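The structure under discussion appears below in the form of structure tokens.
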Amino acid sequence: QVQLVESGGGLVQAGGSLRLSCVASGFTFGQYTMGWFRQAPGKEREFVASISYIEDMEESTVYSDSAKGRFTISRNNDMKSVYLQMTSLKLEDTGRYYCAADRTYYPRTVVWEYEYWGQGTQVTVAS
């Protein structure tokens, strides 16, 4: 049974930092590109960051424009985990953050390209 379990969300003041984690099970983690998406109330789910992995090669990452320079995605294949380090958080970063997995060796930025999804973790940035 495939599972993606996110954690690390919470309430943080603007300018603060949070680190989200996602633990995967039920599939061969190293064969999957991992992504983070977020969804604010009343808005569509949007891409945040993606990281791919090919054994013995450098990982590839892609970020949304809003995440570039502030967020860092990383993965630990031994731990079957993917992380999102978020810094300099803004009010507009508020939303539910979802971890997703797609069986490919390249970063993915589109919601429908991902095969598996977690339940999400809430991030609320307050002024």
Side-chain angles (χ1 to χ4, degrees):
Q1 180 182 359
V2 172
Q3 278 195 313
L4 295 171
V5 181
E6 302 96 332
S7 62
L11 175 64
V12 63
Q13 285 195 322
S17 300
L18 278 178
R19 185 182 190 233
L20 306 184
S21 299
C22 172
V23 179
S25 62
F27 61 94
T28 306
F29 187 77
Q31 294 180 354
Y32 281 70
T33 283
M34 301 301 295
W36 285 98
F37 289 75
R38 67 186 182 191
Q39 188 166 18
K43 294 189 176 181
E44 293 186 352
R45 193 168 298 188
E46 65 174 3
F47 170 73
V48 176
S50 177
I51 184 168
S52 62
Y53 170 75
I54 300 176
E55 191 172 1
D56 297 329
M57 294 182 67
E58 190 173 329
E59 296 168 343
S60 294
T61 57
V62 174
Y63 295 91
S64 67
D65 288 343
S66 62
K68 282 178 187 175
R70 298 189 300 126
F71 296 0
T72 302
I73 188 171
S74 61
R75 64 190 292 162
N76 183 322
N77 293 320
D78 292 334
M79 299 295 292
K80 297 184 180 180
S81 297
V82 62
Y83 310 98
L84 186 68
Q85 178 68 49
M86 304 187 293
T87 63
S88 302
L89 283 162
K90 304 176 181 179
L91 297 180
E92 52 264 41
D93 293 320
T94 293
R96 192 161 187 85
Y97 283 69
Y98 296 88
C99 172
D102 180 48
R103 188 170 182 179
T104 181
Y105 293 118
Y106 305 98
R108 297 291 198 193
T109 64
V110 179
V111 170
W112 56 261
E113 291 179 317
Y114 282 82
E115 183 176 359
Y116 302 127
W117 291 85
Q119 294 300 306
T121 184
Q122 180 66 33
V123 171
T124 303
V125 183
S127 58

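Keep in mind it's a predicted model, so treat the numbers as computed, not measured.
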4.5 Å side-chain heavy-atom contact, W117 and V111: yes
Note, F27 side chain near Y116 side chain (heavy atom, < 4.5 Å): yes
Quick check: closest heavy atoms across [X] and [Y], and the distance to 0.1 Å?
| X | Y | answer |
| --- | --- | --- |
| G30 | Y105 | O-CE2, 4.5 Å |
| T121 | G8 | OG1-N, 4.1 Å |
| Q13 | S127 | NE2-O, 4.5 Å |

Given 3.5 Å as the limit, does a donor-acceptor pair link the side chain of [X] with the main chain of [Y], or not?
| X | Y | result |
| --- | --- | --- |
| E115 | D102 | no |
| T94 | T124 | no |
| R96 | R45 | no |

Ring pair (Phe, Tyr, Trp, His ring centres under 6.0 Å) between F37 and Y98, intermediate numbers included: CA-CA 5 Å; F37 289 75; Y98 296 88; 8.8 Å; no
Spatial distance of atom [atom1] ([X]) from atom [atom2] ([Y]) [nearest 0.5 Å]:
| X | Y | atom1 | atom2 | answer |
| --- | --- | --- | --- | --- |
| Q122 | E6 | CD | CD | 12.0 Å |
| S50 | E59 | OG | CD | 11.0 Å |
| Y83 | M34 | OH | CE | 11.0 Å |
| T33 | Y53 | OG1 | OH | 12.0 Å |

Check against side-chain contact (heavy atoms from CB on, under 4.5 Å), L84 and Y97: CA-CA 10 Å; L84 186 68; Y97 283 69; 4.2 Å; yes
Derivation of the side-chain contact (heavy atoms from CB on, under 4.5 Å) call for V123 and M86: CA-CA 10 Å; V123 171; M86 304 187 293; 3.9 Å; yes
Residue list, side chain to side chain contact (heavy atoms under 4.5 Å, CB included) with V12, at least two apart or on another chain: L18, L89, V125
Side-chain donor-acceptor pair present, R103, Q31, cut-off under 3.5 Å: yes
L20 and W36: CA distance, side-chain angles, deciding distance, side-chain contact (heavy atoms from CB on, under 4.5 Å) verdict: CA-CA 10 Å; L20 306 184; W36 285 98; 3.7 Å; yes
Got a list of side-chain donor-acceptor pairs under 3.5 Å for residues 66-77, not counting sequence neighbours?
from, atom 1, to, atom 2, distance (Å)
S66, OG, R38, NH2, 3.4
S66, OG, S64, OG, 3.1
K68, NZ, D65, OD1, 3.4
R70, NE, S66, O, 3.2
R70, NH1, S88, O, 3.0
R70, NH1, D93, OD2, 2.7
R70, NH2, S66, O, 2.8
R70, NH2, D93, OD1, 3.0
R70, NH2, D93, OD2, 3.4
R75, NE, N77, OD1, 2.8
R75, NH1, Y32, O, 2.9
R75, NH1, I51, O, 3.3
R75, NH2, F29, O, 3.0
R75, NH2, Y32, O, 3.0
R75, NH2, N77, OD1, 3.2
N76, OD1, D78, N, 3.0
N76, OD1, M79, N, 3.0

Residues, nucleotides or ligands: over 12 heavy atoms within 6.0 Å of E92 CD: yes
